[in-house]
Amino acid sequence: MATPPSLRIARLLLFAAAACAFAVPVFIGARAAFVSPVLLLFGAPIALFVAAHQTIASDSMRARTFALAGASAMTALAILTGFGAGDVSFPAAGIGILAAWSAWLHPPLRKVVVLFVAYVAVGLVVAAFRTRGFVLAPFIVGDVLLWPATLLFLSPALFGLPIFAGLGIALALGAYAFRQALPLSRPAVALAAAAAAGALAIGVVVALAFASPNSSARFELVPAGLAGTFAAAFGASRDAAVAAPCRSRDRRGHDDLDPREPLARVGEL
């Protein structure tokens, strides 16, 4: 059976997005006098895009979730590193968003195509408004495709929100995509694990900020952003722990642990 063109395009863009997520920290590290530990966070979108690439053919819904998580993480990191490397990070994030859209456009349903066209059209309008008609490549790629995040730049009070929101969304979606591979948890254990995950997320953000004294990361540790990070990590862990006991059903509609099919289950092992 021939591979659909939409699947080929999705795989190509997901691979390109992972490559861009790898190239950005390499480029920054090559031309920067001080290499920040924050660059390690680029490992998250790399892993998420690779996971989407590997699952797009067999489990399109999970691949879409991975791709959305990767695009969210890449957008947040592009803004975080955009002060000194926006000419690289913003186009790379644009490729990540295109990759996420390509996952949702396989197969190319009409309503999804309409949403994509509308998304790009709004991005063009926002880019024209923000740049006052002054187009500067390669920033135009980020202005058009990252408009849900860059639109918040119009308000200084909301400038750091896309960073925390993007990382939180990536964390939540990544945990949701992995939920069926997680061990079972009782409610009390799940709640404690979720609280610990929220605290750990805040600890990682704060540690990375203070490990980068030559950046503005410490000044972006606003209470609202840290609270959002905790909420995203808490919700992601809680969702994963609660959803894990719900056994997935196979494509025939039977439960994976159906006692009426012991031989079938042994055969699958």
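These values consider heavy atoms only, across backbone and side chains, with no hydrogens, waters or symmetry-generated copies.
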Taking all atoms of both residues into account, what is the closest heavy-atom pair of [X] and [Y], and its distance?
X: Ile46; Y: Ala21; result: CG1-CB, 3.5 Å
X: Leu48; Y: Gly70; result: CD1-N, 3.6 Å
X: Leu13; Y: Ala99; result: O-CB, 3.4 Å

- Over 12 foreign heavy atoms within 6.0 Å of CZ, Phe15: no
Is [X] linked to [Y] within one hydrophobic cluster, defined over Ile, Leu, Val, Met, Phe, Trp and Tyr using a side-chain heavy-atom separation of less than 4.5 Å?
X: Leu12; Y: Ile56; result: no
X: Phe27; Y: Leu41; result: yes
X: Val50; Y: Phe42; result: no
X: Leu39; Y: Phe22; result: no
X: Val26; Y: Leu40; result: no

Measure the spacing between [atom1] of [X] and [atom2] of [Y] and express it to the nearest 0.5 Å.
X: Leu124; Y: Leu145; atom1: CG; atom2: CG; result: 8.5 Å
X: Ile9; Y: Leu98; atom1: CD1; atom2: CG; result: 11.0 Å
X: Ser102; Y: Leu7; atom1: OG; atom2: CG; result: 9.5 Å

- Could you list all the side chain to side chain donor-acceptor pair (under 3.5 Å) pairs where at least one residue sits in residues 4-23, not counting sequence neighbours?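 Found Ser6-His106.
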- Heavy-atom side-chain proximity of Ile28 to Val24 below 4.5 angstrom: yes
- Partners passing side-chain contact (heavy atoms from CB on, under 4.5 Å) against Ala73 (at least two apart in sequence or in another chain): Pro45, Ala170
- With sequence neighbours left out, what residues match Ser60 under side-chain contact (heavy atoms from CB on, under 4.5 Å)?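 With sequence neighbours excluded, Ser60 shows a side-chain contact (heavy atoms from CB on, under 4.5 Å) to Arg64, given in chain and number order.
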- Message: My understanding is that only residues two or more places apart in sequence, or in another chain, count here; which of them pass ring-ring contact (aromatic ring centres under 6.0 Å, His included) with Phe116?
- Response: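 Phe116: ring-ring contact (aromatic ring centres under 6.0 Å, His included) contacts with Trp101.
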- How would you list, by chain and number, every residue that makes a ring-ring contact (aromatic ring centres under 6.0 Å, His included) with Trp104, sequence neighbours excluded? none
Report, one line per pair, each donor and acceptor closer than 3.5 Å where one atom sits in a side chain of residues 74-84; sequence neighbours left out.
residue	atom	partner	partner atom	Å
Thr75	OG1	Ala71	O	2.8
Thr81	OG1	Leu77	O	2.8

- Just grab all the ring pair (Phe, Tyr, Trp, His ring centres under 6.0 Å) pairs involving residues 43-72, residues at least two apart or on different chains. Phe66-Phe178
